[in-house]
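Working notes, beginning with the structure itself.
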Amino acid sequence: MNGEEMVCDRRKGHDEIKKGNGKANIYKILWLLPIVFSIHNMEELLFLEEWAKEVFAGRSWMFFARLYESPNLEVAMLLLT
């Protein structure tokens, strides 16, 4: 191998290493998604019942507020998560 071929091979290897790190970063992000989704569901579980009471209060479709009661929300969040 001459000097130019060695430099070219080094660059190829460096590019392949960069691509490998990109894949690793994507997998790290994918592993974070369920964690972030679970945190989001917990936040909704805490505040969604009160929000539904405010939104549906005094309206003809007040029965929708019952869907947002704590036991119903807990089951829905458990199934979604």
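In terms of heavy-atom proximity, L73 sits nearest to Y68 at CD1-O, 3.2 Å. Closest non-hydrogen pair, N72 versus L67, comes out as CB-O, 3.3 Å. Nearest approach of A65 to A52, heavy atoms of both residues: CB-O, 4.4 Å.
The other members of the hydrophobic cluster of L79, by chain and number, are V75 (side-chain heavy atoms under 4.5 Å, ILVMFWY only).
No single ILVMFWY cluster, assembled from side-chain heavy atoms under 4.5 Å apart, contains both I39 and F37. In the hydrophobic clustering of this structure, L33 groups with I26; members are Ile, Leu, Val, Met, Phe, Trp, Tyr whose side-chain heavy atoms approach within less than 4.5 Å, directly or through other members. L46 and M77 are members of different hydrophobic clusters when ILVMFWY side chains are connected at heavy-atom separations under 4.5 Å.
Taking CG of L30 as the start and CG of N25 as the end, the distance is 11.0 Å to the nearest 0.5 Å.
For residues 67-78, the salt bridge (charged side-chain N to carboxylate O under 4.0 Å, His left out) pairs, not counting sequence neighbours, are R66-E69. Pairs engaging residues 47-58 under the side-chain hydrogen bond (donor to acceptor under 3.5 Å, both in side chains) rule: none recorded [sequence neighbours left out].
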